[in-house]
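Below: one structure, written as structure tokens.
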Amino acid sequence: MSHVFPRDTRKAPPVAAYAEGITITDADGRRYIDASGGAAVSCVGHGDAKVVRAIAEQAARLDYAHTSFFTSEAAEALADHLVRNVPAPLDRVYLVGSGSEANEAAIKMTRQYFLEIGQPDRRVFISRRQSYHGNTLGALAAGGNMFRKAPYQPLLMDVPLIAPCFAYRFKRDDESEEAYGLRVADELEAAILKAGPGNVAGFLAETVVGATAGAVPAVPGYFRRIREICDRHGVLLILDEVMCGMGRTGTLHAFEQEGIAPDLLILAKGLAGGYQPIGAVMASKAVYDAFARGSGAFMHGHTYAAHPVASAAALAVQHRLVEDGLAARVAPLGAHLQSALVERFGNHHHVGDVRGRGLLQAIELVKDRATRAPFDPAVKLNARVKREAMARGLMVYPMGGTIDGKHGDHVLLAPPFIVEKPEIDTIVGLLGQAVDAALLSADA
Ligand SMILES: Cc1ncc(COP(=O)(O)O)c(C=O)c1O
């Protein structure tokens, strides 16, 4: 009998016992290909000797030191590395324990920034439907994942939501991609004007939407217009790259492909690739200087902030990505993954879209390709795909509610960057079998 409080009391997941490369082995000896990196976490693969060594050495040298007494060499070196490799004027790094904590910190940092510069009315945050920024109350409120928000709605601050930039679902047939992008970006300006321009503090968005809508990049021009609108109204742009950052989309940072830079950049998952829990807010010089010239102290903090062992793990992972070249593998391998998905599913009756960037790809499942009608949510097609994939030794990340939090199903793929082309072909082959078996079991 387990004493762990699990995600789902009616399910007993297998016990993960051992992991190496792109596979996880359970306590019964069954092997699973980690084709989703868990939830797009594992980037350098499992059991990386350099990362394991860095963690052991750091734990032996300095296990822990509270940030109200000390900084650490590990946190300093990680921050230096991140700042050196970001092509934007983001030159301070606030280290926390997860993606949710990083978004919480960014929300509070933004609020306090406006107090520091004498704009105390700025308290409204705006974000997008079909986005996710974490499960703690502030980050949950700041997201647009209605399924996850619903039970907690009475506890959440009010965050106006604008449309996502999700062309497959919401672009009109009579408009170009560019026109669509500008139309939905302009919803931000309308929301700012409605809230009162002097009241709005920040706009949060995932640069490439991750699990909620299934690997959705914006159309060209969308983020440039968003940046213009933020600048025009003095609103901070907070880009959440918890899932799409750290090389996942083919550049170290997803925003590099949009021709803009955020005021605050949120990192987690691929920062330490799952070896330790860690998240980060990278803040612009302007934001940091407001604190330095003002009260001096950010009214925030956690016991495990800037944890030395987590920082050392993250630094070792970043060395694997940048200096050892693993991040540079993503663009060509991502192209191979996408073409393998198109080849397998491009003519599939029940796959409406294959999309994504780099090694963050998804297929969207539909009842009818022509009308793009989704399956009845009661069928729980995404859960069936997950079950069938696991039965075949394949970990993928299927999710429902792709369109509006209720309707739609997609399957996300996010393999570690060490994956090889033949392994990608195996993954796509197994996924094809799992999807077909799930459809058969759903009587579709
Ligand atoms: C885009 C995005 N932001 C924030 C989070 C929350 O991160 P965490 O689960 O580490 O709290 C996630 C997690 O899936 C995410 O994908």
Side-chain angles (χ1 to χ4, degrees), residues 40 88 90 99-100 102-107 109-110 124-134 138-146 148-149 159-167 169-170 180-192 195 200-246 248-249 251 253-269 279-284 287 355-357 360 402 405:
L90 300 169
S100 300
N103 277 306
E104 293 284 343
I107 290 166
M109 192 182 282
T110 301
V124 177
F125 288 84
I126 298 172
S127 75
R128 305 189 296 177
R129 295 191 291 278
Q130 293 305 96
S131 64
Y132 180 61
H133 300 299
L140 187 64
N145 185 315
M146 303 325 279
R148 289 182 177 169
K149 283 175 89 161
V159 172
L161 299 175
I162 64 167
C165 186
F166 187 176
R169 279 290 163 194
F170 301 114
Y180 165 67
L182 297 181
R183 172 166 69 80
V184 283
D186 285 347
E187 285 198 20
L188 175 60
E189 185 144 52
I192 291 172
V200 181
F203 174 63
L204 275 103
E206 292 168 77
T207 319
V208 176
V209 180
T212 307
V216 183
V219 299
Y222 171 83
F223 272 111
R224 269 196 296 280
R225 176 65 70 99
I226 289 285
R227 181 71 266 184
E228 278 165 31
I229 294 168
C230 288
D231 289 345
R232 188 151 58 238
H233 296 288
V235 170
L236 294 193
L237 175 59
I238 305 165
L239 288 183
D240 179 344
E241 299 203 356
V242 167
M243 188 175 276
C244 63
M246 304 331 295
R248 177 59 64 190
T249 65
T251 44
H253 303 287
F255 71 78
E256 294 173 50
Q257 297 177 50
E258 305 298 338
I260 54 138
D263 300 295
L264 298 178
L265 176 68
I266 314 303
L267 307 170
K269 297 185 189 273
V281 182
M282 294 193 74
S284 71
V287 168
R355 58 175 175 252
R357 270 200 193 145
L360 187 67
T402 312

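This one's a predicted model, so the numbers in the text were calculated from it and none came from an experiment.
A side-chain donor-acceptor contact under 3.5 Å links Ser131 to the backbone of Gly144. A donor-acceptor pair under 3.5 Å links the side-chain atoms of Glu187 to the main chain of Ala163, judged by distance alone. Of the possible donor and acceptor atoms, one in the side chain of Gln257 sits under 3.5 Å from a partner among the backbone N and O of Thr249.
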Quick one: do Met243 and Arg248 satisfy side-chain contact (heavy atoms from CB on, under 4.5 Å)? Show the steps, please.
CA-CA 8 Å; Met243 188 175 276; Arg248 177 59 64 190; 5.6 Å; no

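Side-chain contact between Val184 and Phe170: absent, with no pair of heavy atoms (C-beta onward) separated by less than 4.5 Å. Proximity of Ile260 to Leu239: side-chain heavy atoms (C-beta onward) are separated by under 4.5 Å at one or more points. You'll find the side chain of Cys165 stays beyond 4.5 Å of the side chain of Val216, heavy atoms only. Looking only at side-chain heavy atoms (C-beta outward), Glu258 and Thr207 come within less than 4.5 Å of each other. The shortest side-chain heavy-atom distance between Leu188 and Cys230 falls under the 4.5 Å cut-off. The side-chain heavy atoms of Leu161 and Ser127, taken from C-beta on, include a pair separated by under 4.5 Å. Within the 4.5 Å cutoff, the side chain of Asp240 has no heavy atoms near those of the Ile238 side chain. Side-chain contact between Val209 and Arg128 is present, with heavy atoms from C-beta onward closer than 4.5 Å.
Here the CD atom belonging to Glu104 is positioned 9.0 Å from the CG atom belonging to Leu140, to the nearest 0.5 angstrom. Note: Leu265 CG to Phe255 CZ = 5.5 Å, rounded to the nearest 0.5 Å.
The pair Glu189-Arg232 meets the salt-bridge criterion, since a charged nitrogen lies less than 4.0 angstrom from a carboxylate oxygen. Under a 4.0 Å N-O distance rule, the pair Glu206/Lys269 does not qualify as a salt bridge.
Here the closest non-hydrogen pair linking Ala283 and Met109 is CB-SD, 4.0 Å. Looking at every heavy atom in both residues, Gly134 comes nearest to Ser100 through CA-OG, 3.2 Å. Here the closest non-hydrogen pair linking Ala139 and His133 is CB-O, 3.2 Å.
For the side-chain contact (heavy atoms from CB on, under 4.5 Å) with Thr110, the lone residue among Val281, Leu264, Val287, Asp263 that qualifies is Leu264.
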